[in-house]
Number of protein chains: 2
Amino acid sequence: MQKKTTMLIKNIGQLVTMQGSVPRRGRFMNEIGLITNGAVAVAGDEILAVGKSDDIVGRVELAENCDVISAENHVVTPGFIDPHTHPVFVGTREAEFEMRLAGKSYMEIAQAGGGIRSTVRQVREATGEELYATSRKTVAALLAHGVTSIEAKSGYGLSTEAELKSLEVIRRLNELEPVDLYPTFLGAHEVPDEYRDHHKEYVELVINEMIPAVAAKKLALFCDVFCEDGVFTVEESRAILTAARKAGMQLKLHADELKSTGGAELAAEMGAISADHLMFISDKGIEMLAASQTAAVLLPGTSFALGLDKTAPARTMIEKGVIVALATDCNPGSSMTESLAMIITLAALKLKMTAAEALSAVTVNAACAIGQGERLGRLESGLPADIAIWDMRDYRELPYHYGVNLVETVIKNGKVVVTR
Amino acid sequence: MQKKTTMLIKNIGQLVTMQGSVPRRGRFMNEIGLITNGAVAVAGDEILAVGKSDDIVGRVELAENCDVISAENHVVTPGFIDPHTHPVFVGTREAEFEMRLAGKSYMEIAQAGGGIRSTVRQVREATGEELYATSRKTVAALLAHGVTSIEAKSGYGLSTEAELKSLEVIRRLNELEPVDLYPTFLGAHEVPDEYRDHHKEYVELVINEMIPAVAAKKLALFCDVFCEDGVFTVEESRAILTAARKAGMQLKLHADELKSTGGAELAAEMGAISADHLMFISDKGIEMLAASQTAAVLLPGTSFALGLDKTAPARTMIEKGVIVALATDCNPGSSMTESLAMIITLAALKLKMTAAEALSAVTVNAACAIGQGERLGRLESGLPADIAIWDMRDYRELPYHYGVNLVETVIKNGKVVVTR
């Protein structure tokens, strides 16, 4: 017996299903499965049917109290997926933003109390309750901008206690907020001050104490490392990721952000689920990603907000067949934004991605980057009913109409969770 | 007898009065009149008192039903002023945005039905009612982003009838919407197709028919011209502006946007109220603006959205003492945004303006650019109660926290008109 429809979105100006991207998981990035005058029928927390409005309306059976939304002149997409965020922090760093633009050096900023160390200090001092309150605001803002699934990293604790505290905040957000969080342990985000002259010992702490503690409490799906000259070398990254894999986590990597260090190659070699940043990815790195299932998560907001001109070679990656995703990199140091639409604008302007490619990059491909390529990022019968309704007539308005939030309604697991 | 307070905003984390900028109308651009733990008392549509919260709360007399807002951890600023917008249009141009980024030429875009001609065609065909409905949405979005006064241009009609229709839409918006619009006649925005081979006759039409018709109906405070190679020359611009001045309008000029053509010099020479764009302003142009009361209205969103690297020399202008303002340039062709906060982020990143300078540029200096330097853009006893309350602890979050709308409440003439 057919399930009854509990929510019907009909008369949709443009329904973007992303179904065209399925066969090779988003690699046909211009195929967005566009249906004009479309409809989506939802049963409970799942999508029941997707198609032309006339067809769907004619054949579904409405439950009592079915929520019917008429979406003429609107665009409907899968709920967006943000596959790279650092939402667990206390304190904003606007003074540092201004100092950087005035030409102050990293050292001058650090001496004035800025930089990642200032966030680490505040996160260590904060109670779990305080951390929850501020992180909740960031997560709510992401949701208000159309994001229904968020990868969320720790990494401002840099001690076993503060990393666990951060991951517990993510777990609680996942339980209490109407959005799914996919937690990543990023103890190897930076070497904390107390280990400045004992770099190797910090790596051992991450491997021997933090990873087992995180795994024991099942607090993280993923383990990430900031692999960069002066932070963690390729060899250290490999050691940490190997330990994490043994502990049951999937792998991610901050790779080739400031220099070409072989990060992308390492990610592909180890079968990481994603390699992120990649501004300085090598040709070999691109080839290896293209031949792998490792997604490239590009973060053009970070270059933008740091005032840098360098961008990741998105066009080459797309042409070579890399699974390209986009993320906000939402964090208080280098990219203070909760808007993936803003990132789509930057992807168009700076990475020369089309609107269709950018949509793939925040739906199907972003799903691959959090290990959910089979379930999320598409509007298809049987998949979770995570849906965004946009106040626009054409999906190409997403990059074009910039700096504003055009989300009208967000639906998570079949329930309206944001409306305006 | 002292007036009674009808609205009291107290315990304001940071109250930005912009009073420091008064003596030379915004030229001391880093003086924003910051009061920590401040308060604003409003009586009817005017500001009654501004100061430390303890002082103000102790000495004002509250009217019955006084609206009391407690703004701990919030920033309060004057309502923003957007001194350059083109809000009267029908139809968005997202296809053209994508074509441009793919490297298509102006001609290819025009042949595909894009460019200003497509907007002119649609505006001519639209009824006043249709134009009003779409323009109203743009104006409401500007207001939702903290703007309480908007300069609004015609210029997509390019016939006497369609220009009057556009200006009548602006008049009606001004009457019916809770925001003030300052109308500008921009018949000389482009030469319409039917005059393509009769350029001179179009200039004559603007001077002899359009300006008198606009003046007779008192539909515009300002007259603007797009002074650029291939559009209107300096001499044509001078002729049009001279006619407009005789008809009682103040002057504005789209100047030096694509090339250095002497536009800034013309604006200063004619005592225009503003010269806008100015990416290619000459050294002499800067000197002349600095010696004048003509404001420079910079539009970094336009360069951004067109994918251009060239920016106006804002730092030099500020250092030389030019009155520098910022605007969205909101229009469907080159800058589809209603967010001045987005423009502030771009001003920081691209023009190297500080947050304080950018705040001056959207308040006191923007007021000068619409001829309201004595009345608007400051929070001061006796001035209109146009106020924005922001969900941020430090005004420097405005450029830093990018791509999102942090407005919490907008007050126009003493009344809450936006809240979330």
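Keep in mind it's a predicted model, so treat the numbers as computed, not measured. Chain letters run A, B, ... following the sequence lines, proteins first, then strands; residues in each count from 1.
- Contact of the Thr92(A) side chain with the His401(B) side chain is not registered, since no non-hydrogen atoms from C-beta on lie closer than 4.5 Å.
- Once rounded to the nearest 0.5 Å, the distance linking CD of Glu98(B) with CG of Asp394(A) reads 9.0 Å.
- No part of Arg420(A) comes within reach of chain B, as not one of its non-hydrogen atoms sits under 4.5 angstrom from that chain.
- Remark: the Tyr402(B) side chain and the Ser339(A) side chain contain no N/O donor-acceptor pair separated by less than 3.5 Å.
- Ranked by heavy-atom pairs shorter than 4.5 Å toward chain B, the options Ala144(A), Ala305(A), Gly307(A) are led by Ala305(A).
- When each of Arg93(B), Glu96(B), Lys352(B), Lys350(B) is checked for heavy-atom pairs under 4.5 Å with chain A, Arg93(B) comes out on top.
- You'll find the side chain of His145(B) reaches within 4.5 Å of the side chain of Val404(A), heavy atoms only.
- Contacts of Leu398(B) with chain A are absent, with no heavy-atom separation under 4.5 Å from either backbone or side chain.
- Per-residue counts of heavy-atom pairs under 4.5 Å with chain A were compared for Thr337(B), Thr328(B), Ile343(B); the largest is that of Thr337(B).
- Between Leu101(A) and Tyr400(B), every side-chain heavy-atom pair lies at or beyond the 4.5 Å cut-off.
- Among Arg393(A), Arg396(A), Lys137(A), the residue with the largest count of heavy-atom pairs under 4.5 Å with chain B is Arg396(A).
- Heavy atoms of Ala95(A) lying under 4.5 Å from chain B belong to its backbone as well as its side chain.
- Heavy-atom contacts from other residues, nucleotides or ligands closer than 6.0 Å to CZ of Arg136(B) number 12 or fewer.
- Annotation: the span from Thr345(B) atom OG1 to Met342(A) atom CE amounts to 8.0 Å, rounded to 0.5 Å.
- Of all the listed residues (Ala141(A), Gly301(A), Gly103(A)), the one sharing the greatest number of non-hydrogen pairs under 4.5 Å with chain B is Gly301(A).
- Counting only distance, with no hydrogens or angles, the side chain of Glu397(A) and the backbone of Glu94(B) share no donor-acceptor pair below 3.5 Å.
- Leu349(A) is listed as a side-chain neighbour of Phe97(B), based on a closest heavy-atom distance under 4.5 Å.
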